[in-house]
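Indexing begins at 1, ligand by ligand and atom by atom, following the structure's order. Sequence positions, counted from 1, serve as the residue numbers for this chain. Values below: all heavy atoms of this structure, side chains included; hydrogens, waters and symmetry mates excluded.
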Amino acid sequence: MLGSDLKLEVALPFGVPDGRGRRARGAVVVPVNGRGEMLGAEEPNPFRAALLLLASSTERIGPFRGDDVDVGLLGSLLPVDRDMLLVQLNRLTFGNVRFQTVACPAAGCGKRVDVQLDLSTVAPPDVPPEASGRLSLPDGRDVRYRLPTAGDQVALHGLPADELEAAFIERCVRPAPEGHARSLGPDEVMSLPSATRAEIVREMIAASPELDMTLDLDCVECGQTFRFVYEPVHSLLSELRASRPALLKEVHYLAFYYHWSHGEILSLSRSLRREYLAILDEELSRPQGGAS
Ligand SMILES: [Zn+2]
C-alpha cells in the first residue's frame, strides 16, 4: 500500500561528523506530512522553510535520529546536502518526474518553455575533503574560512545588499589563529580594498559544491538556446505554496466528517490523507438512505 511506510535512504554528498572523526553520509527521509506542507507553505524565509520541512520529514541523519534532527542540525549541513535531501523528499512526495515552465529570456520573446526533469537521475558532485579552506593573497597573507552552510543562508536571506558581504565575511571567515601574523581575520578582511574582498567572497562561494541540475533548453518560438537551473529549495516550496489552499480544504473535510483534531490530521502523510479523502468521497457519492 502507498503511504505511511514509504521511506527513502539518501547518501549525502558531504555528511555530518559522526563523533569518531569521520563523516556520516547516510540519511533517511519519509514523505511530507500535512504539518511539513503547512510549514513549507507559510514560512516566508525560503531557506528556513526548507529546514522546517526537512525537520518534519527526516527520520535520520548519520547518528542523529528523531528530535535530534532539528533545524539546528539541518542548518549545519552544507547546502549541497540540504539540496540532496530536498530532491529526494520531492521524489518521494510528488514523484520522480517534475514539470516546470520557464519564460524564454530572449528579448521580446518570453515564450513559455516546458521543462521536464527526472529527479531520480540527480547525481552527487565531487565534494572537498573538508568544510574549510584557505585562500592565499598575492602579498603572501592568507584567509582561513569555512564553507557557508544551510544555516548561513537562512541568516543571510533578505539582508540588504550593502550589509550582505560584511555579514557573510563575519560568519564564514575564521579568526586568525594565535601567532599567525600573516592570517587575516574577518575585521582585517573587511578593511581590504573592495575588489579584493569581493574576490575572496567569490572564491569561498566557488569552493562550495553544488548539485548539477542544469538543463540546456531550446525555444521553439525564436530558436534561442538557454540554460535552466533547477533550484531544489524554491521548486519544492513553490509546489507546497501552490497546494496550500487544497491542503486547507482537505483538512476541513477530514475534520468535518471524521472529527479528528487539526493536529491529528496534519500528522498524516500527504498520501495517507489523500487515501482517506478518496474513501470519504466514495462514501459520500453513494446513494443515501437505500433510495432506489
Ligand atoms: Zn524564445
Side-chain angles (χ1 to χ4, degrees), residues 8 10 13 29 32 36-37 40-51 53-54 78-127 147-148 150 152-154 156-165 168 194-195 198-199 201-247 270:
L8 207 54
V10 183
V29 291
V32 171
E37 290 174 81
E42 292 182 345
E43 164 61 44
N45 180 329
F47 297 105
R48 186 171 159 73
L51 298 188
L53 179 62
L54 284 175
L78 294 188
V80 70
D81 281 353
R82 175 208 55 210
D83 288 351
M84 185 55 107
L85 288 170
L86 288 173
V87 164
Q88 304 310 325
L89 186 60
N90 199 333
R91 287 178 63 199
L92 191 56
T93 308
F94 295 102
N96 282 340
V97 180
R98 315 302 313 135
F99 300 93
Q100 288 191 354
T101 61
V102 283
C104 169
C109 179
K111 168 92 179 159
R112 305 297 294 181
V113 178
D114 292 323
V115 183
Q116 183 181 328
L117 200 77
D118 184 349
L119 295 180
S120 67
T121 64
V122 173
D126 292 332
V127 296
L147 293 177
D152 291 320
Q153 291 184 319
V154 172
L156 298 172
H157 176 75
L159 283 186
D162 59 341
E163 292 174 23
L164 196 54
E165 186 186 61
F168 181 85
S194 67
E199 182 57 26
V201 169
R202 245 195 313 280
E203 290 208 26
M204 286 163 65
I205 291 172
S208 297
E210 283 181 353
L211 296 179
D212 177 12
M213 302 182 74
T214 57
L215 287 178
D216 290 319
L217 301 175
D218 298 308
C219 175
V220 289
E221 190 83 3
C222 72
Q224 168 97 15
T225 304
F226 62 100
R227 179 152 283 194
F228 166 78
V229 182
Y230 178 87
E231 296 181 18
V233 170
H234 296 285
S235 300
L236 181 52
L237 293 181
S238 68
E239 298 211 43
L240 294 180
R241 281 173 189 160
S243 62
R244 185 178 177 274
L247 169 64
R270 180 182 171 91

### Task
Please examine the side chains of Phe94 and Leu240, heavy atoms only from C-beta on, and report whether any two atoms are closer than 4.5 Å.
yes
### Task
Run through the protein N/O/S atoms less than 2.8 Å from the Zn ion (ligand 1) and write them out by chain and number.
Cys104 SG, Cys109 SG, Cys219 SG, Cys222 SG
### Task
Could you name each residue pair satisfying side-chain hydrogen bond (donor to acceptor under 3.5 Å, both in side chains) that touches residues 225-234, not counting sequence neighbours?
Asn90-Tyr230, Asp216-Arg227, Asp218-Thr225
### Message
Using only atom types and a distance under 3.5 Å, with no angle test, would you say the side chain of Ser238 pairs donor to acceptor with the backbone of Ser235?
### Response
yes
### Task
Step by step, work out the side chain to side chain contact (heavy atoms under 4.5 Å, CB included) result for Arg48 and His157.
CA-CA 9 Å; Arg48 186 171 159 73; His157 176 75; over 6 Å; no
### salt bridge (Lys or Arg N to Asp or Glu O under 4.0 Å) contacts in which one or both residues fall within residues 79-108, not counting sequence neighbours
Arg98-Glu239
### Task
Output all residues satisfying side-chain contact (heavy atoms from CB on, under 4.5 Å) with Ala106, sequence neighbours left out; order by chain, then residue number.
Cys104, Cys109, Cys222, Gln224
